[in-house]
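Worksheet: the structure to be examined is printed underneath.
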Amino acid sequence: MRYKNAIISSLKTVITTLLLVLANIMAIILVDHISADFTVGPLYNVLLIIIAFTVANAILWPIFRRFLMKYIILTFGIGAIFLNSLIFYIATYFIPGVYVGFYGFRQVPIVMAIFTTFATNITNTSYYDNYIKTILKYALERKTPYKKKYPGAIMLEIDGLSINTLKKAIDRGFMPNLKSWIDEKTHTLKQWETDLSSQTGSSQAGILHGNNRDIVAYRWIEKENNNKLMVSGKLSHAPEIEERISNGEGLLVNGISIANMFSGDSKLSALTSSRLHSITRIYNKTLHTVFLESYNFQRIFVLFLWDILLELKSQIMHRLKNIRPRLRRTIVYAAIRAGANVVLREATTEILASEIFRGEIDTAYATFMGYDEIAHHSGVEDNDVWGVLKQIDAQFSRLKSAIELADRDYKLLILSDHGQSNGATFKQRYGMTLGNYVRRLLPDDLKIYQTAYNIDHFRDALLPESRQLQTIKDHVETIRDDLFDEEGHIHNLRNEIQERKLAIIFENEQYQKLRERYSNSLEYITGHESIEHSTKKARDSELVVLGSGNLALIYLTQWKQRLTYEEIVMLFPDLIPGLINHPGVGFILIDSMMNGGMAIGKKI
């Protein structure tokens, strides 16, 4: 039986090799016919080109990789394609009758890669099965003699996938590996819920660092930090956020972080936002694994191009079927999608496989973000996402195979950081953005003037059309500043501030009129008819409205502190009732001087 399997395996290898040679022959002949910049000459030159190119690659690529790897990575792999084209030019230069021009030496290798990738797919031949042996050899060369005997943990995140969509993917056969693990009871499917800020920044901070304090959304404004806009995944902001939440004892202290927002305090990381600072710092030795063979990145590039075509097809089909809700998707987005769904996916798997073979890390956390990227734009259960999940499932199988080949055992944990659901945007449903609607609820004459340098919003902010509002604001700020200039008895002084603030508010003419008209807050919220103003002067007002999924944050940046319920009622009486009574707003969260935190909504 063993000999029979060996014979079958050998025959399969021979047939596969012949098919790949045939694919390369067809590619060379095709370029010869359609390109004016490449000529084969005698037909037998086709075989000579294939042989010479293969030999030249085997000799030159290790040299290029050794001395030019930084250039390859800093050019996002484009340098690898150029170097491979250069190898092709050198290989064909000495073959009589072959002409390769300026464009030809770049065209032929790419077309050969396309045909090779196509051939491996139609024959169900996995190039990765061979490439993993190359990764294994590379990893063993870097491995230390010491062997850890206890198992490690590999945590693989499918970004943005809800348990309901996962179950459908498994039931429909798109994730056969996960299904087999569940059926064999090596893995158990469990549900968990995020906190209110259901997005990657907050979830990964909690998972990797055990602390997501003050990460209230994907984007937020920090009033105390000169109204700075913070973005969880921004390369310049992620390091600052991680410095705040980290105590140096994160989940990955003895591990590796790959394609995550935060590092988990890992000493080893790749493609992690908090460690990059800027895109120019992308170079990392762990990325060498992607370029061990010249064809590997060309294969990834071909899959990248194919994914762009799939996205363009999806855009056309969505328009023809008039699928709603639908976002505007461009060719630029198609490239971004392909980068997240293909390039990062393949690089993540190969880096992880190499680290598994080395066996030195205790933990690893890697994010596969393709599903999240596509679900946000196409729909959480659109036809586009099932193929994406199938490919992610294939990565899990590859990593399982790597563990089986490795000396050290690792346990695989599959998880998601948050879920999502389909829905139209506020503008699609109601004809204007939430920001413009909020502006309509603010006084039309409310303007903010500031210095050219915008040093201090509070010192420079003025409300020139409303003396009463400015006077109240000055009183409240003066009380707070004067009291806290004194040292000691801070808690008593805080109480005094609140009492004096309330006195100022309750004595306000606008507030007294509202109290005369409405007997309580509930009657005010439900009965007050908000006046909507124009948005012609919106650019003059310092209002910031940020969306994070179905959560929105409203900032009135003239004020250094967070305005309370009582202050907003006094200053902007139309705002709270206008929001509560709008059909697109479920509830609002607001702080109150008298009642503390409040959730207000029609159905609460």
Side-chain angles (χ1 to χ4, degrees), residues 73 76-77 80 117 120-121 125-140 142 152-159 161 174-178 181 252 255-260 266 268-272 282 284-293 295-304 306-307 337-361 363-374 387-406 408 410-416:
I73 293 173
F76 304 99
T117 305
T120 56
N121 285 337
T125 303
S126 176
Y127 165 79
Y128 188 82
D129 290 343
N130 291 322
Y131 190 64
I132 199 170
K133 297 174 184 176
T134 304
I135 296 175
L136 175 58
K137 181 181 177 182
Y138 171 74
L140 293 179
R142 299 164 60 232
I154 307 292
M155 291 154 280
L156 307 174
E157 177 191 303
I158 307 176
D159 190 5
L161 181 64
F174 293 110
M175 306 191 82
N177 293 295
L178 283 190
W181 296 351
L252 306 178
I256 183 172
S257 167
I258 305 174
N260 302 319
S266 62
L268 192 61
S269 64
L271 306 171
T272 297
I282 193 173
N284 189 299
K285 287 187 177 180
T286 59
L287 291 170
H288 289 204
T289 310
V290 181
F291 303 97
L292 298 180
E293 292 179 2
Y295 169 68
N296 186 55
F297 186 78
Q298 288 189 83
R299 174 187 67 87
I300 295 174
F301 184 68
V302 170
L303 295 176
F304 170 85
W306 178 250
D307 201 72
R337 161 189 157 150
N341 185 43
V342 174
V343 179
L344 288 180
R345 180 192 72 205
E346 298 294 316
T348 296
T349 301
E350 289 163 10
I351 292 169
L352 264 178
S354 177
E355 294 305 318
I356 288 170
F357 289 143
R358 289 183 68 193
E360 295 175 12
I361 58 169
T363 54
Y365 193 102
T367 300
F368 291 91
M369 59 185 71
Y371 169 80
D372 184 73
E373 183 65 41
I374 294 170
V388 174
L389 291 174
K390 186 175 182 179
Q391 287 299 321
I392 292 175
D393 184 73
Q395 309 309 307
F396 298 160
S397 177
R398 292 174 177 179
L399 293 171
K400 182 70 173 176
S401 299
I403 292 171
E404 291 169 354
L405 290 172
R408 186 183 180 187
Y410 283 93
K411 305 300 181 184
L412 286 176
L413 171 67
I414 315 300
L415 74 154
S416 175

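Residue numbers count from 1 along this sequence. Not measured: the values here are computed from a predicted model.
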Please step through side chain to side chain contact (heavy atoms under 4.5 Å, CB included) for the pair V290 and I73, ending with a clear verdict.
CA-CA 10 Å; V290 181; I73 293 173; over 6 Å; no
Side chain to side chain contact (heavy atoms under 4.5 Å, CB included) between L399 and T349, intermediate numbers included
CA-CA 7 Å; L399 293 171; T349 301; 4.1 Å; yes
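Taking CD1 from I351 and NZ from K285, the interatomic distance works out to 14.5 Å, rounded to the nearest 0.5 Å. The CG atom of L415 sits 8.5 Å away from atom CE of M155, with the distance rounded to the nearest 0.5 Å. In this structure, the separation between CZ on R345 and CG on N341 is 5.5 Å, given to the nearest 0.5 Å. Rounded to the nearest 0.5 angstrom, T348 OG1 and L156 CG are separated by 9.5 Å. Here CD1 of I135 is found 10.0 Å from CD1 of I356. Values are rounded to the nearest 0.5 Å. For the atom pair CD1 (I258) and CG (L344), the distance works out to 11.0 Å, reported to the nearest 0.5 Å.
Residues forming a ring-ring contact (aromatic ring centres under 6.0 Å, His included) with F357 (at least two apart in sequence, or on another chain): none. In this structure F174 satisfies the ring-ring contact (aromatic ring centres under 6.0 Å, His included) test together with W386, sequence neighbours excluded. Partners of K411 according to the salt bridge (Lys or Arg N to Asp or Glu O under 4.0 Å) rule, which considers only residues two or more places apart in sequence or in another chain, are D409. Partners of Y371 by ring-ring contact (aromatic ring centres under 6.0 Å, His included), not counting sequence neighbours: none found. Listed by chain and residue number, nothing satisfies the ring-ring contact (aromatic ring centres under 6.0 Å, His included) test with Y410 (two or more places apart in sequence, or in another chain). For R337, the salt bridge (Lys or Arg N to Asp or Glu O under 4.0 Å) partners are D307, E311, D384, not counting sequence neighbours.
Aromatic ring orientation, F291 versus F297: tilted (interplanar angle from 30° to 60°).
For Q395 (side chain) and Q391 (main-chain N/O), a donor-acceptor pair under 3.5 Å exists by modelled atom type. Between the S397 side chain and the N177 main chain, no donor and acceptor come within less than 3.5 Å of each other. A donor-acceptor contact shorter than 3.5 Å is absent between the side chain of Y365 and the backbone of G255. Counting only distance, with no hydrogens or angles, the side chain of N284 and the backbone of S269 share a donor-acceptor pair below 3.5 Å. Side-chain atoms of T363 never come within 3.5 Å of backbone atoms of A153 as a donor-acceptor pair (strictly under, hydrogens ignored).
A donor-acceptor contact closer than 3.5 angstrom is absent between the side chains of Y128 and T120. Counted by atom type alone, E350 and N296 present one or more donor-acceptor pairs between their side chains at under 3.5 Å.
The two residues R142 and S354 have their closest heavy-atom pair at NH1-OG, 3.5 Å. Taking every heavy atom of both residues into account, A259 and M369 meet most closely at O-CE, 3.6 Å. Heavy atoms only, all atoms of each residue included: L178 and D393 are closest at N-OD1, 3.1 Å. Taking both residues in full, the closest heavy atoms of L412 and F396 are given as CD1-O, 4.3 Å, listed atom of the first, atom of the second, then distance.
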